[in-house]
Amino acid sequence: ILNVEQSPQSLHVQEGDSTNFTCSFPSSNFYALHWYRWETAKSPEALFVMTLNGDEKKKGRISATLNTKEGYSYLYIKGSQPEDSATYLCAFKNGGSQGNLIFGKGTKLSVKP
Amino acid sequence: GAGVSQSPSNKVTEKGKDVELRCDPISGHTALYWYRQSLGQGLEFLIYFQGNSAPDKSGLPSDRFSAERTGGSVSTLTIQRTQQEDSAVYLCASTRDRGDNQPQHFGDGTRLSIL
């Protein structure tokens, strides 16, 4: 059974703090790694799709890195804002382009003003 | 709107009843996916459509669950004789094609509660 683990499960930070969370996935047969942000009562919104070992992607204050050899990705948020409060999901695709996305349980981030 | 649309947004029903959930994907997206998130769990894959056919139904948890897609567009997920363990948020997503490396576009979901 393929498993995607995310840690921590939840995180509470103060506005202005920088934070990061981890996504671990099986390193064999890697195809792609997705990150999504899911705010309550809204649809999950795509942040990044990463495919290459050593990839680094950035979108505003959010960035992500990828290590496919050891099977992990980090998501960083610099200077957290209350609007960053959401659940951050990672999803792993293996077995080639026709594989399914396998999601982790997410990291729930709460940013206090 | 140009996004994925799901209805209803909330559904409360009694155990044993049938429910039908609807998904209208982004126009031109041939690939459509159904997921569910039960309390404390990650997003769980249910079924994938390519056009009107469903080459991967491996995630459907029991034969009470079925789905169809017509005209390569709207999809309905039907749950017969609902049980309390079916309570979850059901999400639909679409992509232009399954094989590309584009992100999935999700709807807002249907929150299903079985009493």
Side-chain angles (χ1 to χ4, degrees), chain A residues 1-10 21 23-25 30-53 55 57 59 62 64 66 68 73 75 86-108, chain B residues 1-10 21 23-26 29-51 53-60 88-111:
Chain A
I1 295 176
L2 296 170
N3 228 17
V4 176
E5 300 285 343
Q6 289 190 247
S7 62
Q9 193 174 343
S10 65
F21 2 107
C23 172
S24 302
F25 52 86
F30 175 85
Y31 188 75
L33 193 284
H34 293 214
W35 280 100
Y36 294 87
R37 176 170 67 193
W38 192 4
E39 291 180 65
T40 305
K42 293 188 177 179
S43 56
E45 170 202 352
L47 291 173
F48 307 112
V49 176
M50 308 177 82
T51 56
L52 298 174
N53 185 42
D55 232 357
K57 296 221 171 181
K59 188 175 182 176
I62 305 178
L66 179 67
T68 61
S73 175
L75 189 82
T87 296
Y88 291 81
L89 300 173
C90 75
F92 160 72
K93 190 174 190 180
N94 79 332
S97 62
Q98 300 300 310
N100 288 324
L101 278 183
I102 301 163
F103 282 84
K105 293 183 182 180
T107 292
K108 185 170 182 177
Chain B
V4 176
S5 176
Q6 290 188 248
S7 61
S9 52
N10 282 285
L21 312 180
C23 171
D24 199 345
I26 292 173
H29 280 195
T30 62
L32 185 149
Y33 315 81
W34 282 99
Y35 298 90
R36 75 173 176 183
Q37 186 177 44
S38 305
L39 197 62
Q41 302 301 313
L43 271 180
E44 175 192 1
F45 167 80
L46 298 177
I47 186 170
Y48 151 67
F49 284 92
Q50 181 63 42
S53 64
D56 189 347
K57 305 179 187 180
S58 61
L60 293 178
V89 176
Y90 288 81
L91 281 172
C92 172
S94 70
T95 56
R96 188 165 297 281
D97 184 89
R98 189 187 205 186
D100 63 27
N101 257 329
Q102 296 302 307
Q104 294 190 0
H105 298 264
F106 285 88
D108 288 347
T110 294
R111 184 173 295 277

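Just so we're on the same page: letters track the sequence lines, and every chain starts at 1. Please read these numbers as outputs of a predicted model, since none were measured by experiment.
- Considering only heavy atoms from C-beta on, B/Ser9 stays 4.5 Å or farther from B/Asp108 through its side chain.
- When the candidates A/Ala46, A/Gly104, A/Pro44 are compared by the number of heavy-atom contacts under 4.5 Å with chain B, A/Pro44 comes out ahead.
- The closest side-chain heavy-atom distance from A/Leu75 to A/Ile62 is below 4.5 Å.
- Residues meeting the side-chain hydrogen bond (donor to acceptor under 3.5 Å, both in side chains) test with A/Glu45, sequence neighbours left out: A/Arg37.
- For a residue to count as touching a neighbouring chain, one of its non-hydrogen atoms must lie under 4.5 Å from one of that chain's; by this rule A/Leu89 touches chain B with the side chain only.
- When heavy atoms are compared at a cutoff of 4.5 Å, A/Phe48 does not approach chain B at all.
- Residues satisfying the side-chain contact (heavy atoms from CB on, under 4.5 Å) test with A/Asn100, not counting sequence neighbours, are B/Phe45, B/Asp56, B/Ser58, B/Arg98.
- With sequence neighbours excluded, the residues forming a side-chain contact (heavy atoms from CB on, under 4.5 Å) with A/Ser10 are A/Lys108, listed by chain and number.
- The choice from A/Phe103, A/Tyr31, A/Trp35 that makes the most heavy-atom pairs within less than 4.5 Å of chain B is A/Phe103.
- No side-chain donor-acceptor contact under 3.5 Å links A/Gln6 to the backbone of A/Phe21.
- Against chain A, the residues from residues 29-38 of chain B that qualify, each with a non-hydrogen atom under 4.5 angstrom away, are B/Tyr35, B/Gln37 in number order.
- In this structure, the portion of A/Trp38 lying under 4.5 Å from any heavy atom of chain B is its side chain and not its backbone.
- Counting only heavy atoms from C-beta outward, the side chains of A/Val4 and A/Lys105 never approach each other to under 4.5 Å.
- Side-chain contact between A/Lys57 and A/Met50 is present, with heavy atoms from C-beta onward closer than 4.5 Å.
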